[in-house]
Each structure stands twice: as structure tokens, then as C-alpha cells.
Number of protein chains: 2
Amino acid sequence: MAAKKTTARGEADRLSLICKAIRRAILERALLPGDRLPEDALGERFGASRTIARHALGQLAAEGLVDLRRNRMAIVAAPSFSDARDIFDLRIVLERQVVRHLAGKLSDRDVRQLQAIIAAEHDARHGADGTAIRLATEFHVALAEMTGKPILIRYVTEICYRAGLALSAFGRPHSSDCAVSEHLDLIEAIRSGPAERAADMMEAHLEAVASRALLQPSDARGRDLMNILAPYAAEPG
Amino acid sequence: MAAKKTTARGEADRLSLICKAIRRAILERALLPGDRLPEDALGERFGASRTIARHALGQLAAEGLVDLRRNRMAIVAAPSFSDARDIFDLRIVLERQVVRHLAGKLSDRDVRQLQAIIAAEHDARHGADGTAIRLATEFHVALAEMTGKPILIRYVTEICYRAGLALSAFGRPHSSDCAVSEHLDLIEAIRSGPAERAADMMEAHLEAVASRALLQPSDARGRDLMNILAPYAAEPG
DNA sequence: TCGCGCTAAAGTGCATGCACTTTGCAACTA
DNA sequence: TAGTTGCAAAGTGCATGCACTTTAGCGCGA
């Protein structure tokens, strides 16, 4: 009973495989907002049929990472500037909640796990841009997971990916440098500090990330035609 | 060009049609946690094939309303007691955020719309149980929509439906009576009050709803076998 | 009477096929 | 040359079919 059919091992079915791959590609900026995601190509790339690829795109659309218009090819979502701001506002209230749950309750094992991620961030800070961004996200997701609350974990994870996408739409290439020291401070505050102080620190950290990237709204690379043309639509000539 | 094919009018494609129907059925307790959702029956009921029904179930699973296990029939999700508690915790932080955005900014039109919903709640308070619950939820969703922030709206709507499901799993039949007066007070606080006071009032309201329903964990109708048996697993005999 | 295995019916997992829609390109026109 | 029209290639929307899995019922033995 080693292999039942062609499939055995730890194959977590191809649907979630495709979802994971696209999520990660978006997070690491291998896929950029507006990039096309044809069903056939996707399916072929992962050895599945269009049916599966289509289903995966549906899931990702539900998570806000993919834009799905009828009869048109799916594309990586291109959040507007105000979407980006709203995503970070939401991320702040969710991660404040994470920190509140964790304050004064981190086990030594937790701390070590977080420090390992930060160490990886440190190592990656001069490597590929995408790796640094992914690790920074992993830090926040790991924090959420330490609450042990599945629902909170799900929403924080989702909003973190959407935030990554938003930064990808508006952020300048080098925006995640000092994250390492901020993350270290954060651990210390959560480990020892009172809940509200730690939560405030998380908010300050996320606000800093957002404002480093989301300063000028008209930074997008020529996309968002509707917004650009809006002022011209009212007055003719 | 009246009707292009068999389909015209405002048909919002059958996928979202199925999703909406199931969401509403769950909210109104026509569908209860654990109820079976076979793909064929669903498709047939809505004049679609299994492909569409399956896709719809995927979406609903992503929203946490449906439980999808491989090779097994989909069922309405049966949140555990701690899931229910977490859902309400999350709902509180999200709706506090809604209220913060809205405090002191409700237009007369907004107030009238909210009052109309409350009036409907008042009328329905002795009718079908499901209608009252649906209207109470509509009140909260309408509030979220008044922020005009699509991302916030999406998450609040989703968590409201999940909360409805959680109440369905643990709540006693008559738990939404005094909601009317609480909702009226809430409007007044949001319209006139300072943001944090209004947010506190929203928290108190949701906490009241939760504690009215989520008092005793072992209320579930014989489900949640694992939890029930947990104390017996340790000591034999 | 109660458990236990076996089998048919019901259901899921997924690829494929066909009809329809969009799109890019190229020829045509002014 | 620039704009427009028409057409083929590419892509989506969806139903259906087939292989595999689960499940429920039934008969059999104890």
C-alpha cells in the first residue's frame, strides 16, 4: 500500500497548491497587479485541467488577490490607493487584537521561533527583494498563529497578503529595511509589556510601513485610468 | 435586442445566486449547522450543473459558512464554541472600526435608512424567527456600507453571517428581542456622540448579543462529540 | 437480537468538449 | 497615414461523462 494510484505522498491536492503558489508569487512580487492569469496556462503549469485552475482563481478572488471579470481573463488585483489605505487600517485593528492576546504570554519557544524568522530577514536584507517581503509577512503570520485562534489567523493571514499586494502596487522597491529592528522591539514589547502598550507599538510599526510606501497617491505606474481621467470628465475642453 | 439568449434581465449569474440563497438560508436558520449540501441537488434546484454548485460551495467554504471535506458531502459549517467566541471577538473589533468611521457623520438619509430597518425589525418581532435575525444583521451590514469602504464592508458582512451561524449553533430560539431598542440607542450614539463612546456602545451591544446566546458551551444538540468526550479520554473506566 | 461484512446506490473529483465572447491583427478605405 | 472593419485565434462559461469513494442497507452468522 505504498502508493495507491499515481498520487500519494503529502500532495495537498492541486487546488490549494495553485492557490499557495499564486499567493506567494504575488507576495514576492513575481506577479504584479494587472498581470494576466489565463486558466489554461495555470492548469498546464500545475498539471491540472482548467477546472481546477478556475476554481483556484475563484478562491483567490474571494481573498481579494485576483480580479475576476466575466468573459475576461483573470488578472492579479490592482488595489486602488484608498483600498490600500483601508487594507492597512484593517490590518492595524486585526494585528492589535493579535498582540492583545499575546501580550505577556509568549513562551520561550515562541520567542525563539520569531527570532529565527528575524534572523532570516536579516540574512535576506541584501538578497532578492521578494524574499525579504515574504519573511516580514511570515513574522506577522507567525504571531497570529501563536494566538491559536483559527478565525483570527485566517483573517490576519489574508489581510497580510492583501497588504503585500497593496505595497506592490504603490510601494517603492526598497521599503523593508529597518523592519528587522522594529520586529525585534515588537517581540520584546509583546513578551514583557502590558497589552495596550504592545498593541500601540504594533500599530506604530504598521503605520510606519504604510506611510513609508503609501505617501503619494499618484505613484501608480500609469494604471488606474479612471481616477486619472476623473477630474477631466466634469469640465469639457 | 430584448433578450439575447435564454438569459437577459438582471440575472447576476447563477453562481452568486446560489451563494446568496445559501447565505440567506443559513442566516435565517432554514439551514442548520451540519445540514447536508449535495452538489447535484443544489445545481438542480437552481437550474445549473454540478460545476456551478461546486464552485459556489467553494466560495462559501472560503467564507467559513460551509465545511468541505474531500470526497464527502459538503455540510453547513458547525462552529465550535470557541470558534463562536472568536467570531464575536473579531466582530467587535471590526464593528468598533465601523462606528469610529461613522461617528458624528451620519447623514439624515443614513439615519432614515437605519430607522426603516429597525421599524421592520419591530414589525417582525413576533413573526418568523429567521426574519428577525436577518433584519438585525441587515442593520449591521447597512452601517458598514455607510462607511463607503469596500474592504471593511466585505469583512464586516462576512463576520456578521458567520456570527449568525454561530448563534444558530448555540443560541436559544428567542434571543433577539430587545435588539430594537439597542439598535435605536446605537443610532443616536453614532449620530451625535464622540467616536469612542459610540464604539464602546457597539461593543456592549455585541457583547450582550453574544452573552445572551453563548453562555453554556454544552448547549449544542449532541454535536461536537470530540469536546464532549475529551474529559473521559484521560481517565479510563 | 445484535454485530459484521458485502454490495449497490449515491456522491465527489476532475478532464474534456462545445458554444459563446473577447481580442489582436491585418487588410481595406478615405 | 490614420482610422475602421472584419476575421481568426485565444479564452471563458458551463454541462457532461467517467473513474473513484463513501455510505446505507441487507443478509448472514453467532
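Order of the sequence lines fixes the chain letters, A, B, ..., with proteins taken first and strands second; residue numbering starts at 1 for each chain.
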Completion exercise
In whole angstroms, the gap separating P of D/dG13 from NE2 of B/H55 amounts to 9 Å

Exercise for the section: Using modelled atom types only, decide if a donor and an acceptor are shared between the side chain of B/D123 and the backbone of B/A120 within a distance under 3.5 Å. Expected result: no

Practice task
Give a yes or no answer on whether the side chain of B/T137 reaches the backbone of B/I133 with a donor-acceptor pair at less than 3.5 Å.
Solution key: yes

Handout entry: Gap between atom OG1 of A/T147 and atom CG of B/D86 - 0.5 Å precision
Key = 8.0 Å

Handout entry: With A/R23, the side chain to side chain contact (heavy atoms under 4.5 Å, CB included) member among A/E158, A/Q59, A/E63
Key = A/E63

Handout entry: Between the first and last five pairs of the helix from C/dT1-D/dA30 to C/dA30-D/dT1, the angle of the axes, rounded to 10 degrees
Key = 10°

Practice task
Check the surroundings of atom CZ in B/R69: do more than 12 heavy atoms from other residues, nucleotides or ligands lie under 6.0 Å from it?
Solution key: yes

Practice task
Applying salt bridge (Lys or Arg N to Asp or Glu O under 4.0 Å), run through B/E121 and B/R125 and close with a yes or a no.
Solution key: CA-CA 6 Å; B/E121 287 187 71; B/R125 75 191 181 289; over 6 Å; no

Practice task
Indicate the atoms forming the closest heavy-atom contact of B/A132 with B/A124, along with that distance.
Solution key: CB-O, 4.3 Å

Fill in the blank from the handout: Per the under-4.0 Å heavy-atom filter, residues of residues 37-54 of chain B near DNA chain D come out as B/A48, B/S49, B/R50, B/T51, B/I52

Problem - Within residues 64-75 of chain A: residues closer than 4.0 Å to DNA chain D (heavy atoms) - result: A/R70, A/N71, A/R72, A/M73

Handout entry: Main-chain N/O of B/R24 paired with B/R134 side-chain donor or acceptor, under 3.5 Å
Key = no

Practice task
Begin with the C-alpha distance, continue with both residues' side-chain angles, and end with the deciding distance and a verdict on salt bridge (Lys or Arg N to Asp or Glu O under 4.0 Å) for B/R85 and B/E207.
Solution key: CA-CA 10 Å; B/R85 188 57 249 181; B/E207 195 56 65; 3.1 Å; yes

Handout entry: Between D/dG13 (C1') and B/L15 (CG): distance, integer Å
Key = 11 Å

Handout entry: Separation of B/D67 CG from B/L57 CG (nearest 0.5 Å)
Key = 11.5 Å

Practice task
Look at B/R36 and D/dA24 and indicate whether a side-chain polar atom (N or O) is within less than 4.0 Å of OP1 or OP2.
Solution key: yes

